[in-house]
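Presented below is the structure to which this report refers.
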2 protein chains.
Amino acid sequence: MKASRQPLSRQRVLAAAVVLADTHGIQALTMRRLAAELHVEAMSLYYHLRDKEALLDGVVETVIAEFARIDTSGGDWRTRLRQRFLAARDVMLRHPWAPGLLATRRTIPADVYAYYDEIVATLVDAGFSYHLAHRALHAFGSLPLGFAQEIFSPASAGGSMEADAAEADFAAMAEALPHLTAMVAAEVHDSTDPTLGWCDSQVEFEFTLDLLLNGLERLRG
Amino acid sequence: MKASRQPLSRQRVLAAAVVLADTHGIQALTMRRLAAELHVEAMSLYYHLRDKEALLDGVVETVIAEFARIDTSGGDWRTRLRQRFLAARDVMLRHPWAPGLLATRRTIPADVYAYYDEIVATLVDAGFSYHLAHRALHAFGSLPLGFAQEIFSPASAGGSMEADAAEADFAAMAEALPHLTAMVAAEVHDSTDPTLGWCDSQVEFEFTLDLLLNGLERLRG
DNA sequence: ACCTGAACACCGTTCAAGT
DNA sequence: ACCTGAACACCGTTCAAGT
(Lines give C-alpha, C1' and ligand atoms only; values in the text may rest on other atoms or scores of the structure.)
Protein backbone atom coordinates (compact mmCIF):
# COMPACT_ATOMS: atom_id res chain seq x y z
CA MET A 1 0.00 0.00 0.00
CA LYS A 2 2.70 2.43 1.01
CA ALA A 3 5.20 0.98 -1.46
CA SER A 4 2.70 1.23 -4.31
CA ARG A 5 2.47 4.97 -3.99
CA GLN A 6 3.98 6.24 -7.21
CA PRO A 7 4.35 10.00 -7.46
CA LEU A 8 1.37 11.92 -8.78
CA SER A 9 1.20 13.40 -12.25
CA ARG A 10 -1.23 15.62 -14.09
CA GLN A 11 -2.39 12.63 -16.10
CA ARG A 12 -3.03 10.47 -13.02
CA VAL A 13 -4.89 13.28 -11.29
CA LEU A 14 -7.12 13.89 -14.33
CA ALA A 15 -7.81 10.19 -14.81
CA ALA A 16 -8.81 9.91 -11.16
CA ALA A 17 -11.03 12.96 -11.54
CA VAL A 18 -12.90 11.37 -14.45
CA VAL A 19 -13.40 8.17 -12.47
CA LEU A 20 -14.62 10.12 -9.46
CA ALA A 21 -17.14 12.03 -11.60
CA ASP A 22 -18.28 8.82 -13.26
CA THR A 23 -18.82 7.00 -9.98
CA HIS A 24 -20.07 9.73 -7.64
CA GLY A 25 -21.24 12.53 -9.87
CA ILE A 26 -19.62 15.77 -10.90
CA GLN A 27 -20.62 17.49 -7.67
CA ALA A 28 -18.40 15.05 -5.80
CA LEU A 29 -15.40 16.34 -7.70
CA THR A 30 -13.88 18.67 -5.12
CA MET A 31 -10.19 19.25 -4.60
CA ARG A 32 -10.34 17.74 -1.13
CA ARG A 33 -12.25 14.65 -2.12
CA LEU A 34 -10.17 14.03 -5.22
CA ALA A 35 -7.05 14.30 -3.10
CA ALA A 36 -8.45 11.80 -0.62
CA GLU A 37 -9.16 9.43 -3.47
CA LEU A 38 -5.49 9.66 -4.41
CA HIS A 39 -4.38 9.25 -0.77
CA VAL A 40 -2.88 12.66 -0.71
CA GLU A 41 -3.60 16.04 0.86
CA ALA A 42 -5.69 18.56 -1.11
CA MET A 43 -2.77 20.94 -1.35
CA SER A 44 -0.69 18.43 -3.24
CA LEU A 45 -2.95 18.79 -6.25
CA TYR A 46 -1.82 22.37 -6.63
CA TYR A 47 1.62 21.17 -7.54
CA HIS A 48 0.17 19.51 -10.67
CA LEU A 49 -2.69 21.86 -11.50
CA ARG A 50 -2.90 25.62 -11.19
CA ASP A 51 -6.37 25.66 -9.63
CA LYS A 52 -9.77 24.04 -9.86
CA GLU A 53 -10.57 25.65 -13.20
CA ALA A 54 -7.46 24.02 -14.60
CA LEU A 55 -8.61 20.70 -13.18
CA LEU A 56 -12.00 20.97 -14.86
CA ASP A 57 -10.42 22.09 -18.14
CA GLY A 58 -8.16 19.05 -17.94
CA VAL A 59 -11.10 16.77 -17.27
CA VAL A 60 -13.00 17.81 -20.39
CA GLU A 61 -9.76 17.59 -22.32
CA THR A 62 -9.44 14.01 -21.11
CA VAL A 63 -12.96 13.17 -22.19
CA ILE A 64 -12.59 14.78 -25.62
CA ALA A 65 -9.40 12.80 -26.10
CA GLU A 66 -11.54 9.68 -25.94
CA PHE A 67 -13.06 10.58 -29.29
CA ALA A 68 -11.13 7.77 -30.92
CA ARG A 69 -9.64 8.44 -34.28
CA ILE A 70 -12.25 6.55 -36.20
CA ASP A 71 -11.70 5.62 -39.81
CA THR A 72 -13.09 8.31 -42.05
CA SER A 73 -13.39 5.68 -44.71
CA GLY A 74 -16.27 4.90 -47.04
CA GLY A 75 -19.48 6.71 -47.68
CA ASP A 76 -20.46 10.21 -48.63
CA TRP A 77 -20.02 13.23 -46.40
CA ARG A 78 -23.26 12.54 -44.59
CA THR A 79 -22.39 9.02 -43.52
CA ARG A 80 -18.86 10.11 -42.58
CA LEU A 81 -20.10 12.89 -40.30
CA ARG A 82 -22.83 10.64 -38.98
CA GLN A 83 -20.20 8.07 -37.93
CA ARG A 84 -18.12 10.71 -36.19
CA PHE A 85 -20.99 12.25 -34.29
CA LEU A 86 -22.32 8.91 -33.15
CA ALA A 87 -18.84 7.88 -32.02
CA ALA A 88 -18.66 11.06 -29.97
CA ARG A 89 -22.03 10.16 -28.55
CA ASP A 90 -20.71 6.82 -27.35
CA VAL A 91 -18.13 8.68 -25.32
CA MET A 92 -20.67 11.06 -23.82
CA LEU A 93 -22.99 8.22 -22.86
CA ARG A 94 -20.14 6.88 -20.74
CA HIS A 95 -19.71 10.28 -19.07
CA PRO A 96 -23.20 11.75 -18.72
CA TRP A 97 -21.90 14.67 -16.66
CA ALA A 98 -19.56 15.78 -19.47
CA PRO A 99 -22.02 17.81 -21.57
CA GLY A 100 -22.96 19.91 -18.57
CA LEU A 101 -19.36 20.42 -17.57
CA LEU A 102 -18.36 21.33 -21.10
CA ALA A 103 -21.05 24.00 -21.12
CA THR A 104 -19.39 25.74 -18.19
CA ARG A 105 -15.89 25.88 -19.69
CA ARG A 106 -14.69 29.17 -21.12
CA THR A 107 -11.73 27.80 -23.03
CA ILE A 108 -11.97 25.18 -25.72
CA PRO A 109 -9.59 22.25 -25.54
CA ALA A 110 -7.16 22.30 -28.46
CA ASP A 111 -8.37 18.86 -29.49
CA VAL A 112 -11.78 20.30 -30.23
CA TYR A 113 -10.31 22.64 -32.80
CA ALA A 114 -8.61 19.75 -34.54
CA TYR A 115 -11.86 17.84 -34.47
CA TYR A 116 -13.78 20.71 -36.04
CA ASP A 117 -11.09 21.14 -38.63
CA GLU A 118 -11.72 17.60 -39.79
CA ILE A 119 -15.44 18.26 -39.99
CA VAL A 120 -14.90 21.35 -42.12
CA ALA A 121 -12.51 19.36 -44.30
CA THR A 122 -15.16 16.74 -44.87
CA LEU A 123 -17.69 19.38 -45.83
CA VAL A 124 -15.38 21.30 -48.14
CA ASP A 125 -14.26 18.10 -49.84
CA ALA A 126 -17.91 17.39 -50.51
CA GLY A 127 -18.29 20.66 -52.36
CA PHE A 128 -19.43 22.99 -49.58
CA SER A 129 -18.24 26.55 -49.65
CA TYR A 130 -16.47 27.76 -46.52
CA HIS A 131 -19.44 29.99 -45.93
CA LEU A 132 -21.93 27.15 -45.90
CA ALA A 133 -19.54 24.94 -43.94
CA HIS A 134 -19.43 27.64 -41.30
CA ARG A 135 -23.19 27.78 -41.08
CA ALA A 136 -23.38 24.02 -40.97
CA LEU A 137 -21.01 24.03 -37.99
CA HIS A 138 -23.30 26.46 -36.23
CA ALA A 139 -26.40 24.50 -37.13
CA PHE A 140 -24.88 21.28 -35.81
CA GLY A 141 -24.52 22.89 -32.42
CA SER A 142 -23.35 20.26 -29.98
CA LEU A 143 -24.21 17.28 -32.17
CA PRO A 144 -20.56 16.80 -33.22
CA LEU A 145 -19.75 16.45 -29.53
CA GLY A 146 -22.34 13.75 -29.17
CA PHE A 147 -25.19 15.43 -27.39
CA ALA A 148 -28.22 17.58 -28.08
CA GLN A 149 -29.40 20.48 -26.05
CA GLU A 150 -31.22 19.14 -23.05
CA ILE A 151 -34.29 21.13 -22.09
CA PHE A 152 -36.19 18.84 -19.79
CA SER A 153 -34.58 17.66 -16.55
CA PRO A 154 -30.94 16.98 -17.46
CA ALA A 155 -30.38 15.27 -14.13
CA SER A 156 -33.24 12.82 -14.18
CA ALA A 157 -32.63 10.48 -17.07
CA GLY A 158 -35.75 8.42 -17.31
CA GLY A 159 -38.40 11.05 -17.56
CA SER A 160 -39.53 13.25 -14.72
CA MET A 161 -42.41 14.26 -16.93
CA GLU A 162 -44.25 11.01 -16.50
CA ALA A 163 -43.48 11.10 -12.80
CA ASP A 164 -44.84 14.62 -12.44
CA ALA A 165 -47.94 13.65 -14.34
CA ALA A 166 -48.48 10.68 -12.09
CA GLU A 167 -48.07 12.73 -8.92
CA ALA A 168 -50.09 15.73 -9.94
CA ASP A 169 -53.70 15.69 -10.93
CA PHE A 170 -53.49 14.22 -14.38
CA ALA A 171 -56.87 15.55 -15.41
CA ALA A 172 -55.85 19.07 -14.43
CA MET A 173 -52.70 18.77 -16.47
CA ALA A 174 -54.64 17.45 -19.44
CA GLU A 175 -56.79 20.53 -19.21
CA ALA A 176 -53.99 23.02 -18.80
CA LEU A 177 -51.67 21.40 -21.34
CA PRO A 178 -53.92 19.54 -23.73
CA HIS A 179 -51.51 19.24 -26.62
CA LEU A 180 -48.52 18.23 -24.56
CA THR A 181 -50.61 15.66 -22.73
CA ALA A 182 -51.84 14.17 -25.97
CA MET A 183 -48.34 14.11 -27.36
CA VAL A 184 -46.80 12.48 -24.32
CA ALA A 185 -49.55 9.90 -24.26
CA ALA A 186 -48.83 9.02 -27.86
CA GLU A 187 -45.09 9.17 -27.49
CA VAL A 188 -43.24 7.42 -24.75
CA HIS A 189 -39.55 6.94 -25.21
CA ASP A 190 -38.62 3.38 -25.97
CA SER A 191 -36.94 2.17 -22.82
CA THR A 192 -34.24 0.31 -24.76
CA ASP A 193 -33.19 3.58 -26.33
CA PRO A 194 -29.85 4.83 -24.92
CA THR A 195 -30.37 8.28 -23.51
CA LEU A 196 -28.57 11.23 -21.98
CA GLY A 197 -31.84 12.48 -20.57
CA TRP A 198 -35.46 13.00 -21.40
CA CYS A 199 -34.76 15.14 -24.44
CA ASP A 200 -31.64 13.50 -25.75
CA SER A 201 -32.34 9.92 -26.69
CA GLN A 202 -30.56 8.09 -29.44
CA VAL A 203 -33.45 8.04 -31.90
CA GLU A 204 -34.15 11.75 -31.44
CA PHE A 205 -30.46 12.50 -31.78
CA GLU A 206 -30.37 10.69 -35.08
CA PHE A 207 -33.59 12.28 -36.29
CA THR A 208 -32.27 15.78 -35.68
CA LEU A 209 -28.93 14.87 -37.17
CA ASP A 210 -30.48 13.55 -40.38
CA LEU A 211 -32.85 16.49 -40.59
CA LEU A 212 -29.86 18.82 -40.58
CA LEU A 213 -27.71 16.69 -42.88
CA ASN A 214 -30.49 16.42 -45.43
CA GLY A 215 -31.27 20.12 -45.23
CA LEU A 216 -27.62 20.94 -45.82
CA GLU A 217 -27.34 18.47 -48.67
CA ARG A 218 -30.13 20.42 -50.32
CA LEU A 219 -28.27 23.70 -49.88
CA ARG A 220 -24.97 22.28 -51.07
CA GLY A 221 -23.92 24.16 -54.14
CA MET B 1 -33.86 54.68 4.15
CA LYS B 2 -35.03 52.92 7.26
CA ALA B 3 -38.66 53.88 6.74
CA SER B 4 -38.56 52.64 3.12
CA ARG B 5 -37.85 49.11 4.25
CA GLN B 6 -40.92 47.22 3.16
CA PRO B 7 -41.02 43.56 4.15
CA LEU B 8 -39.39 41.08 1.82
CA SER B 9 -41.31 38.75 -0.45
CA ARG B 10 -40.42 35.91 -2.73
CA GLN B 11 -41.06 38.15 -5.72
CA ARG B 12 -38.81 40.94 -4.44
CA VAL B 13 -36.03 38.52 -3.64
CA LEU B 14 -36.20 36.96 -7.09
CA ALA B 15 -36.32 40.32 -8.85
CA ALA B 16 -33.27 41.43 -6.90
CA ALA B 17 -31.50 38.21 -7.80
CA VAL B 18 -32.07 38.79 -11.52
CA VAL B 19 -30.74 42.34 -11.21
CA LEU B 20 -27.72 41.13 -9.28
CA ALA B 21 -26.96 38.50 -11.94
CA ASP B 22 -27.44 41.06 -14.70
CA THR B 23 -25.11 43.59 -13.15
CA HIS B 24 -22.42 41.47 -11.51
CA GLY B 25 -22.65 38.09 -13.17
CA ILE B 26 -24.24 34.87 -12.07
CA GLN B 27 -21.26 33.94 -9.89
CA ALA B 28 -22.01 37.00 -7.74
CA LEU B 29 -25.40 35.54 -6.91
CA THR B 30 -24.72 34.09 -3.46
CA MET B 31 -27.15 34.02 -0.59
CA ARG B 32 -25.00 36.33 1.46
CA ARG B 33 -24.45 38.88 -1.27
CA LEU B 34 -28.06 38.88 -2.37
CA ALA B 35 -29.10 39.47 1.22
CA ALA B 36 -26.67 42.37 1.51
CA GLU B 37 -28.17 43.87 -1.65
CA LEU B 38 -31.57 43.74 0.08
CA HIS B 39 -30.13 45.19 3.32
CA VAL B 40 -30.95 42.05 5.18
CA GLU B 41 -29.07 39.13 6.75
CA ALA B 42 -28.49 36.02 4.65
CA MET B 43 -30.65 33.93 6.94
CA SER B 44 -33.69 36.06 6.23
CA LEU B 45 -33.81 34.71 2.70
CA TYR B 46 -34.58 31.26 4.06
CA TYR B 47 -37.90 32.51 5.24
CA HIS B 48 -38.94 33.16 1.64
CA LEU B 49 -37.03 30.43 -0.18
CA ARG B 50 -36.31 26.89 0.89
CA ASP B 51 -32.66 26.90 -0.15
CA LYS B 52 -30.36 28.10 -2.90
CA GLU B 53 -31.71 25.62 -5.42
CA ALA B 54 -35.15 27.11 -4.90
CA LEU B 55 -33.66 30.55 -5.45
CA LEU B 56 -32.11 29.53 -8.76
CA ASP B 57 -35.29 27.78 -9.85
CA GLY B 58 -37.19 30.94 -9.06
CA VAL B 59 -34.72 33.04 -11.00
CA VAL B 60 -35.14 31.05 -14.22
CA GLU B 61 -38.88 31.08 -13.63
CA THR B 62 -38.70 34.86 -13.45
CA VAL B 63 -36.78 35.05 -16.70
CA ILE B 64 -39.09 32.66 -18.53
CA ALA B 65 -42.03 34.74 -17.35
CA GLU B 66 -40.59 37.58 -19.40
CA PHE B 67 -41.48 35.71 -22.57
CA ALA B 68 -44.26 38.14 -23.27
CA ARG B 69 -47.49 36.75 -24.54
CA ILE B 70 -46.93 37.83 -28.09
CA ASP B 71 -49.74 37.85 -30.58
CA THR B 72 -49.85 34.54 -32.41
CA SER B 73 -51.58 36.35 -35.20
CA GLY B 74 -50.93 36.21 -38.92
CA GLY B 75 -48.73 33.99 -40.96
CA ASP B 76 -48.25 30.25 -41.37
CA TRP B 77 -46.88 27.99 -38.66
CA ARG B 78 -43.31 28.82 -39.59
CA THR B 79 -43.63 32.55 -39.19
CA ARG B 80 -45.60 32.12 -35.98
CA LEU B 81 -42.93 29.93 -34.40
CA ARG B 82 -40.21 32.14 -35.77
CA GLN B 83 -41.80 35.15 -34.02
CA ARG B 84 -42.04 33.28 -30.74
CA PHE B 85 -38.47 32.02 -30.78
CA LEU B 86 -37.06 35.41 -31.70
CA ALA B 87 -39.08 37.02 -28.92
CA ALA B 88 -37.59 34.52 -26.49
CA ARG B 89 -34.21 35.43 -27.85
CA ASP B 90 -34.77 39.09 -27.03
CA VAL B 91 -35.25 38.08 -23.41
CA MET B 92 -32.13 35.94 -23.33
CA LEU B 93 -30.03 38.68 -24.85
CA ARG B 94 -30.96 40.81 -21.84
CA HIS B 95 -29.91 38.01 -19.46
CA PRO B 96 -26.87 36.37 -21.07
CA TRP B 97 -26.26 34.21 -18.00
CA ALA B 98 -29.73 32.66 -18.24
CA PRO B 99 -29.02 29.90 -20.81
CA GLY B 100 -26.16 28.58 -18.70
CA LEU B 101 -28.22 28.69 -15.54
CA LEU B 102 -31.15 27.00 -17.23
CA ALA B 103 -28.86 24.18 -18.27
CA THR B 104 -28.06 23.42 -14.64
CA ARG B 105 -31.68 23.22 -13.46
CA ARG B 106 -33.20 19.81 -12.89
CA THR B 107 -36.81 20.89 -12.71
CA ILE B 108 -38.62 22.70 -15.47
CA PRO B 109 -40.59 25.81 -14.57
CA ALA B 110 -44.30 25.24 -15.11
CA ASP B 111 -44.39 28.16 -17.53
CA VAL B 112 -42.12 26.25 -19.86
CA TYR B 113 -44.66 23.47 -20.16
CA ALA B 114 -47.35 25.95 -21.08
CA TYR B 115 -45.00 27.49 -23.62
CA TYR B 116 -44.26 24.14 -25.23
CA ASP B 117 -47.93 23.30 -25.26
CA GLU B 118 -48.53 26.35 -27.42
CA ILE B 119 -45.78 25.29 -29.78
CA VAL B 120 -47.24 21.83 -30.15
CA ALA B 121 -50.65 23.39 -30.72
CA THR B 122 -49.23 25.51 -33.53
CA LEU B 123 -47.67 22.46 -35.14
CA VAL B 124 -50.72 20.24 -34.81
CA ASP B 125 -52.99 22.97 -36.15
CA ALA B 126 -50.71 23.12 -39.18
CA GLY B 127 -51.29 19.45 -39.89
CA PHE B 128 -48.40 17.86 -38.02
CA SER B 129 -49.01 14.51 -36.38
CA TYR B 130 -48.21 14.36 -32.67
CA HIS B 131 -45.35 12.08 -33.56
CA LEU B 132 -43.72 14.59 -35.88
CA ALA B 133 -44.52 17.45 -33.52
CA HIS B 134 -42.65 15.55 -30.83
CA ARG B 135 -39.63 15.12 -33.04
CA ALA B 136 -39.78 18.74 -34.07
CA LEU B 137 -39.65 19.75 -30.41
CA HIS B 138 -36.55 17.64 -29.96
CA ALA B 139 -34.97 18.99 -33.12
CA PHE B 140 -35.58 22.57 -32.02
CA GLY B 141 -33.54 21.94 -28.91
CA SER B 142 -33.11 25.23 -27.11
CA LEU B 143 -34.15 27.43 -30.01
CA PRO B 144 -37.67 27.98 -28.57
CA LEU B 145 -35.95 29.35 -25.47
CA GLY B 146 -33.99 31.80 -27.57
CA PHE B 147 -30.53 30.36 -27.65
CA ALA B 148 -28.46 27.85 -29.55
CA GLN B 149 -25.97 25.48 -28.06
CA GLU B 150 -22.79 27.36 -27.43
CA ILE B 151 -19.66 25.40 -28.18
CA PHE B 152 -16.95 28.01 -28.32
CA SER B 153 -16.24 30.11 -25.23
CA PRO B 154 -19.63 30.94 -23.76
CA ALA B 155 -18.05 33.47 -21.45
CA SER B 156 -16.14 35.53 -23.97
CA ALA B 157 -18.70 37.06 -26.27
CA GLY B 158 -16.69 38.70 -28.96
CA GLY B 159 -14.55 35.88 -30.19
CA SER B 160 -11.67 34.35 -28.33
CA MET B 161 -10.82 32.57 -31.53
CA GLU B 162 -9.43 35.66 -33.23
CA ALA B 163 -7.65 36.56 -30.04
CA ASP B 164 -6.05 33.17 -29.75
CA ALA B 165 -5.03 33.33 -33.37
CA ALA B 166 -3.45 36.70 -32.79
CA GLU B 167 -1.55 35.55 -29.72
CA ALA B 168 -0.39 32.21 -30.96
CA ASP B 169 1.74 31.62 -33.98
CA PHE B 170 -0.75 32.15 -36.77
CA ALA B 171 1.33 30.27 -39.29
CA ALA B 172 1.50 27.25 -37.00
CA MET B 173 -2.25 27.32 -36.55
CA ALA B 174 -2.82 27.61 -40.27
CA GLU B 175 -0.72 24.51 -40.68
CA ALA B 176 -2.37 22.50 -37.93
CA LEU B 177 -5.92 23.61 -38.70
CA PRO B 178 -5.91 24.55 -42.37
CA HIS B 179 -9.63 24.34 -42.97
CA LEU B 180 -10.69 26.16 -39.84
CA THR B 181 -8.17 28.88 -40.55
CA ALA B 182 -9.46 29.32 -44.07
CA MET B 183 -13.02 29.36 -42.84
CA VAL B 184 -12.40 31.90 -40.09
CA ALA B 185 -10.50 34.11 -42.50
CA ALA B 186 -13.44 34.09 -44.88
CA GLU B 187 -16.05 34.41 -42.16
CA VAL B 188 -15.85 37.01 -39.47
CA HIS B 189 -19.02 37.71 -37.57
CA ASP B 190 -20.55 41.03 -38.44
CA SER B 191 -19.93 43.17 -35.38
CA THR B 192 -23.39 44.71 -35.54
CA ASP B 193 -24.89 41.23 -35.16
CA PRO B 194 -26.41 40.74 -31.67
CA THR B 195 -24.77 37.76 -30.08
CA LEU B 196 -24.86 35.49 -27.06
CA GLY B 197 -21.35 34.34 -27.83
CA TRP B 198 -19.08 33.26 -30.62
CA CYS B 199 -21.37 30.49 -31.79
CA ASP B 200 -24.74 32.01 -31.15
CA SER B 201 -25.19 35.13 -33.21
CA GLN B 202 -28.46 36.35 -34.53
CA VAL B 203 -27.84 35.47 -38.18
CA GLU B 204 -26.66 31.97 -37.30
CA PHE B 205 -29.60 31.51 -34.98
CA GLU B 206 -31.98 32.39 -37.80
CA PHE B 207 -30.15 30.22 -40.31
CA THR B 208 -30.41 27.16 -38.10
CA LEU B 209 -33.99 27.98 -37.28
CA ASP B 210 -35.01 28.23 -40.92
CA LEU B 211 -33.05 25.12 -41.83
CA LEU B 212 -35.09 23.18 -39.30
CA LEU B 213 -38.41 24.82 -40.12
CA ASN B 214 -37.95 24.16 -43.82
CA GLY B 215 -36.88 20.59 -43.24
CA LEU B 216 -39.95 19.99 -41.08
CA GLU B 217 -42.23 21.65 -43.61
CA ARG B 218 -40.98 19.07 -46.09
CA LEU B 219 -41.80 16.22 -43.70
CA ARG B 220 -45.19 17.58 -42.80
CA GLY B 221 -47.90 15.16 -43.83
C1' DA C 1 -45.09 36.80 10.73
C1' DC C 2 -40.69 38.10 9.81
C1' DC C 3 -35.91 38.61 10.81
C1' DT C 4 -31.31 37.64 13.24
C1' DG C 5 -26.63 35.88 15.82
C1' DA C 6 -23.98 32.33 16.61
C1' DA C 7 -22.33 28.23 15.04
C1' DC C 8 -21.24 24.22 11.86
C1' DA C 9 -19.50 21.77 7.94
C1' DC C 10 -17.51 22.36 3.85
C1' DC C 11 -15.35 24.82 0.10
C1' DG C 12 -10.88 26.72 -2.70
C1' DT C 13 -6.56 28.69 -1.93
C1' DT C 14 -1.95 30.83 0.19
C1' DC C 15 2.18 30.31 2.25
C1' DA C 16 5.88 28.92 4.68
C1' DA C 17 7.74 24.66 5.83
C1' DG C 18 9.04 19.94 5.62
C1' DT C 19 11.60 15.75 3.06
C1' DA D 1 11.02 17.82 -6.94
C1' DC D 2 7.15 16.75 -4.48
C1' DC D 3 4.15 16.95 -0.61
C1' DT D 4 2.07 18.91 3.82
C1' DG D 5 -0.10 21.71 8.19
C1' DA D 6 -1.94 25.56 9.52
C1' DA D 7 -4.55 29.29 8.37
C1' DC D 8 -7.77 32.45 5.70
C1' DA D 9 -11.82 33.96 3.32
C1' DC D 10 -15.88 32.52 1.72
C1' DC D 11 -19.70 29.38 1.06
C1' DG D 12 -24.73 27.23 2.29
C1' DT D 13 -27.37 25.97 6.08
C1' DT D 14 -29.34 24.85 11.12
C1' DC D 15 -31.32 26.26 15.09
C1' DA D 16 -32.79 28.60 18.82
C1' DA D 17 -33.87 33.15 19.76
C1' DG D 18 -35.45 37.74 19.22
C1' DT D 19 -39.41 41.38 17.90
Side-chain angles (χ1 to χ4, degrees), chain A residues 1-21 23-62 97 100-101 103-107 155, chain B residues 1-21 23-62 97 100-101 103-107 155:
Chain A
M1 213 57 169
K2 201 161 64 176
S4 77
R5 215 196 254 176
Q6 45 195 310
L8 244 44
S9 72
R10 195 182 113 96
Q11 288 307 320
R12 273 190 65 220
V13 172
L14 294 180
V18 170
V19 169
L20 181 54
T23 55
H24 292 92
I26 191 69
Q27 84 291 345
L29 181 54
T30 68
M31 300 298 272
R32 291 169 132 99
R33 173 138 187 201
L34 177 57
E37 216 75 31
L38 289 161
H39 306 103
V40 126
E41 297 303 314
M43 304 77 204
S44 307
L45 301 178
Y46 287 85
Y47 187 83
H48 303 279
L49 292 158
R50 204 169 79 296
D51 57 9
K52 187 165 188 191
E53 285 297 289
L55 169 69
L56 296 179
D57 285 341
V59 165
V60 317
E61 199 184 304
T62 306
W97 44 268
L101 179 61
T104 69
R105 300 297 81 209
R106 343 205 306 283
T107 44
Chain B
M1 213 55 170
K2 204 160 56 177
S4 77
R5 217 195 252 178
Q6 45 196 312
L8 242 46
S9 72
R10 195 183 114 95
Q11 289 306 322
R12 273 191 64 220
V13 171
L14 294 180
V18 170
V19 170
L20 180 54
T23 53
H24 291 93
I26 190 69
Q27 84 290 345
L29 181 53
T30 68
M31 299 299 272
R32 291 170 133 98
R33 175 140 186 198
L34 175 57
E37 217 76 30
L38 289 160
H39 306 102
V40 126
E41 296 304 312
M43 304 77 206
S44 307
L45 301 178
Y46 287 86
Y47 187 81
H48 303 279
L49 292 159
R50 206 169 78 297
D51 56 9
K52 186 166 188 190
E53 285 297 290
L55 169 68
L56 296 179
D57 285 342
V59 164
V60 317
E61 199 184 304
T62 305
W97 45 268
L101 178 61
T104 70
R105 301 296 81 210
R106 349 204 302 282
T107 44

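Every chain is numbered from 1 and lettered A, B, ... according to where its sequence line falls, protein lines coming before strand lines.
- OP1 or OP2 of C/dT4 lies within a sub-4.0 Å distance of a side-chain N or O belonging to B/Ser44.
- A/Thr23 places a side-chain N or O within 3.5 Å of a backbone atom of A/Val19 that can act as its donor or acceptor partner.
- Note that CD1 of A/Ile26 is 6.5 Å distant from CG of A/Leu56, once rounded to the nearest 0.5 Å.
- For A/His48, no side-chain nitrogen or oxygen approaches OP1 or OP2 of D/dA1 to under 4.0 Å.
- Here the shortest heavy-atom pairing between B/Leu38 and B/Ala16 reads CD2-CB, 3.7 Å.
- Separating the CG atom in B/Leu45 from the CG atom in B/Leu8 is a distance of 6.5 Å, to the nearest 0.5 Å.
- Scanning DNA chain C for stems, defined as runs of 3 or more consecutive Watson-Crick or G-U wobble pairs whose donor-acceptor distances all fall under 3.5 Å, gives the following ranges: C:4-8 with D:12-16, C:12-16 with D:4-8.
- Comparing atom distances between the B/Tyr47 side chain and each of D/dT13, C/dC2, C/dT4 picks out C/dC2 as nearest.
- The distance from atom CD of A/Glu41 to atom C1' of D/dT4 is 6 Å, rounded to the nearest whole Å.
- Under the salt bridge (Lys or Arg N to Asp or Glu O under 4.0 Å) criterion, A/Glu41 pairs with no residue at all, not counting sequence neighbours.
- For B/Val59, the side-chain contact (heavy atoms from CB on, under 4.5 Å) criterion is met by B/Leu14, B/Ala17, B/Val18, B/Leu29, B/Leu55, B/Trp97, B/Leu101, not counting sequence neighbours.
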(Q) Each nucleotide in nucleotides 14-19 of chain D should get exactly one letter: B, S or -. Can you fill that in based on protein heavy atoms under 4.0 Å? (A) B-----
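- Here B/Ser44 contributes atom OG and B/His39 contributes atom NE2; the two are 13.0 Å apart, rounded to the nearest 0.5 Å.
- For B/Arg10, the salt bridge (Lys or Arg N to Asp or Glu O under 4.0 Å) partners are B/Glu61, not counting sequence neighbours.
- For residues 23-34 of chain A, proximity to DNA chain D is found at no residue, defined as any non-hydrogen atom under 4.0 angstrom from a strand atom.
- Under the 3.5 Å distance criterion, the side-chain polar atoms of A/Thr62 are matched with a main-chain donor or acceptor of A/Gly58.
- Checking side-chain atoms of B/Glu53 against main-chain N and O of B/Arg50 turns up no donor-acceptor pair under 3.5 Å.
- Among all heavy-atom pairs drawn from A/Thr30 and A/Lys52, the shortest one is CA-NZ, 4.1 Å.
- The separation between A/Lys52 atom NZ and C/dC10 atom P is 15 Å, rounded to whole Å.
- The CG atom of B/Leu45 sits 13 Å away from the P atom of D/dC11 (whole-angstrom rounding).
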